[in-house]
Amino acid sequence: MNRAVEIAVLDMAGTTVRDEGSVEAAFVSAAEAVGATVDGPMLEFVRATMGQSKIDVFTQLFGDPERAAAANKAFEQAYAGRVAAGGCTPVPGAELAISALRDAGVRVALTTGFSGETQRLLVEALGWRSLIDLCLAPADAGRGRPYPDLPLQALLRLGGSRVQALLVAGDTTSDMRCGGNAGAGLVVGVLTGTQDEPALRAAGANHVLPSIADLPELLGI
């Protein structure tokens, strides 16, 4: 194994959790709830900003902080409903990959652009509480992606020795930029989300894998 890796910071929806369109559907519900017309350009913006803090995305979309907050609340409710209905499942092999990392001495943090409450609901629904070392949402760290706060907070809380000991993995360009901005020693893209290999590499991915299930092989564990 690459002994430099001490902490793996893994995204959730699209990376370790099968999205099945849940995030996009919740965005549509939220936009409609605040009277917005959902059109092609809005959906393209939503896809381009996947991985970022949802309140930040709504603020960029609508400008008005109150409208953004209302949309974010509607989004969280819509997504929580999909979680409760069993609409979110692990990416095949994700649980085995996380277990292999931890068995090899790598501590694992799950990060998200969702609120902490929604993240907790998702972790509980998946039964992952004992599978991981730490969960972090943007409010836990300060700022969401592409800022470096989430990986750096994971490094501090899990006792990492240096930023180069971080591995950051995700399915979006925001994840890749977040890892790069944090100075992570390894930034890994996966193709189980909405963005392709050229986009992930252009955003800073050192490696692009078909799935998070392939991460242990990359690390030689």
Side-chain angles (χ1 to χ4, degrees), residues 9-85 87-88 110-123 125 135-154 168 170-182 189-190 192-196 199-200 202-204:
V9 180
L10 311 179
D11 173 52
M12 296 190 72
T15 301
T16 54
V17 180
R18 295 177 73 168
D19 176 59
E20 305 290 3
S22 294
V23 173
E24 191 168 311
F27 261 111
V28 171
S29 295
E32 292 175 345
V34 297
T37 299
V38 180
D39 54 16
M42 179 180 287
L43 287 176
E44 286 303 312
F45 180 78
V46 168
R47 292 167 188 149
T49 55
M50 283 289 184
Q52 295 184 24
S53 168
K54 298 301 176 279
I55 185 63
D56 289 346
V57 173
F58 283 120
T59 300
Q60 292 176 70
L61 272 174
F62 301 131
D64 177 7
E66 290 187 7
R67 193 180 187 200
N72 187 64
K73 182 177 180 180
F75 171 86
E76 299 286 349
Q77 290 173 339
Y79 193 84
R82 296 181 75 93
V83 172
C88 298
L110 293 181
T111 58
T112 185
F114 302 149
S115 72
E117 180 179 357
T118 297
Q119 185 185 42
R120 286 188 289 274
L121 286 173
L122 185 52
V123 169
C135 286
L136 289 173
D140 301 318
R143 297 171 296 179
R145 308 173 187 120
Y147 295 103
D149 303 32
L150 285 164
L152 294 180
Q153 187 65 217
V168 174
D171 65 300
T172 70
T173 55
S174 295
D175 293 309
M176 303 301 97
R177 294 191 180 102
C178 177
N181 289 339
V190 296
T192 46
T194 60
Q195 295 175 341
D196 60 19
L200 294 172

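These numbers come from the heavy atoms of this one structure, side chains and all, not from hydrogens, waters or symmetry mates.
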A.B. asks: Flag the pair R120 / S115 as yes when at least one side-chain heavy-atom distance between them is below 4.5 Å, and no otherwise.
C.D. replies: no

A.B. asks: If we ignore hydrogens and angles and just use 3.5 Å, is the side chain of Q119 paired with the main-chain N or O of L136 as donor and acceptor?
C.D. replies: yes

A.B. asks: V9 and P151: which non-hydrogen atoms are nearest, and at how many Å?
C.D. replies: CG2-CA, 4.2 Å

A.B. asks: Is the CD atom of E117 crowded by more than 12 outside heavy atoms at less than 6.0 Å?
C.D. replies: no

A.B. asks: Any non-hydrogen side-chain atom of F27 less than 4.5 Å from a side-chain atom of V57?
C.D. replies: yes

A.B. asks: Rounded at 0.5 Å granularity, tell me how far CG in D196 sits from OG1 in T173.
C.D. replies: 10.0 Å

A.B. asks: Is the shortest side-chain heavy-atom distance between T172 and Q52 below 4.5 Å?
C.D. replies: no

A.B. asks: Carefully, step by step, assess M12 and F114 under the rule side chain to side chain contact (heavy atoms under 4.5 Å, CB included).
C.D. replies: CA-CA 10 Å; M12 296 190 72; F114 302 149; 5.6 Å; no

A.B. asks: With a 4.5 Å heavy-atom cut-off, do D39 and M42 have their side chains touching?
C.D. replies: yes

A.B. asks: Before you tell me yes or no, could you show the steps for E44 and R47 under salt bridge (Lys or Arg N to Asp or Glu O under 4.0 Å), namely the whole-Å CA-CA distance, both residues' side-chain angles and the distance that decides it to 0.1 Å?
C.D. replies: CA-CA 5 Å; E44 286 303 312; R47 292 167 188 149; 2.9 Å; yes

A.B. asks: Is the shortest heavy-atom distance from the side chain of Y79 to the side chain of L122 under 4.5 Å?
C.D. replies: yes

A.B. asks: If you take all heavy atoms of V34 and A71, which pair is closest and at what distance?
C.D. replies: CG1-N, 3.6 Å

A.B. asks: Write down the atom of G14, the atom of V190, and the distance for their closest heavy-atom approach.
C.D. replies: O-CG2, 4.2 Å

A.B. asks: For the pair T192 (side chain) and T16 (backbone), establish whether a donor and an acceptor sit closer than 3.5 Å, ignoring hydrogens and angles.
C.D. replies: no

A.B. asks: Apply the test side chain to side chain contact (heavy atoms under 4.5 Å, CB included) to residues K54 and V23: give CA-CA distance (whole Å), side-chain angles for both, the deciding distance (0.1 Å), then the verdict.
C.D. replies: CA-CA 10 Å; K54 298 301 176 279; V23 173; 4.0 Å; yes

A.B. asks: Indicate yes or no: at least one non-hydrogen side-chain atom of R145 is less than 4.5 angstrom from one of D11.
C.D. replies: yes

A.B. asks: Does Y147 have more than 12 heavy atoms from other residues, nucleotides or ligands lying within 6.0 Å of its OH?
C.D. replies: no

A.B. asks: Which heavy atom of R143 sits nearest a heavy atom of P148, and at what distance?
C.D. replies: NH2-CD, 4.2 Å

A.B. asks: Of the non-hydrogen atoms in C88 and V17, which two are nearest, and what is the gap between them?
C.D. replies: CB-CG1, 3.9 Å

A.B. asks: Which atom names give the shortest non-hydrogen contact between I55 and N72, and what distance separates them?
C.D. replies: N-OD1, 3.4 Å

A.B. asks: Quick one: list whatever passes side chain to side chain contact (heavy atoms under 4.5 Å, CB included) with R82, sequence neighbours left out.
C.D. replies: S22, A25

A.B. asks: Are any of the side-chain heavy atoms of D175 and L200 separated by less than 4.5 Å?
C.D. replies: no

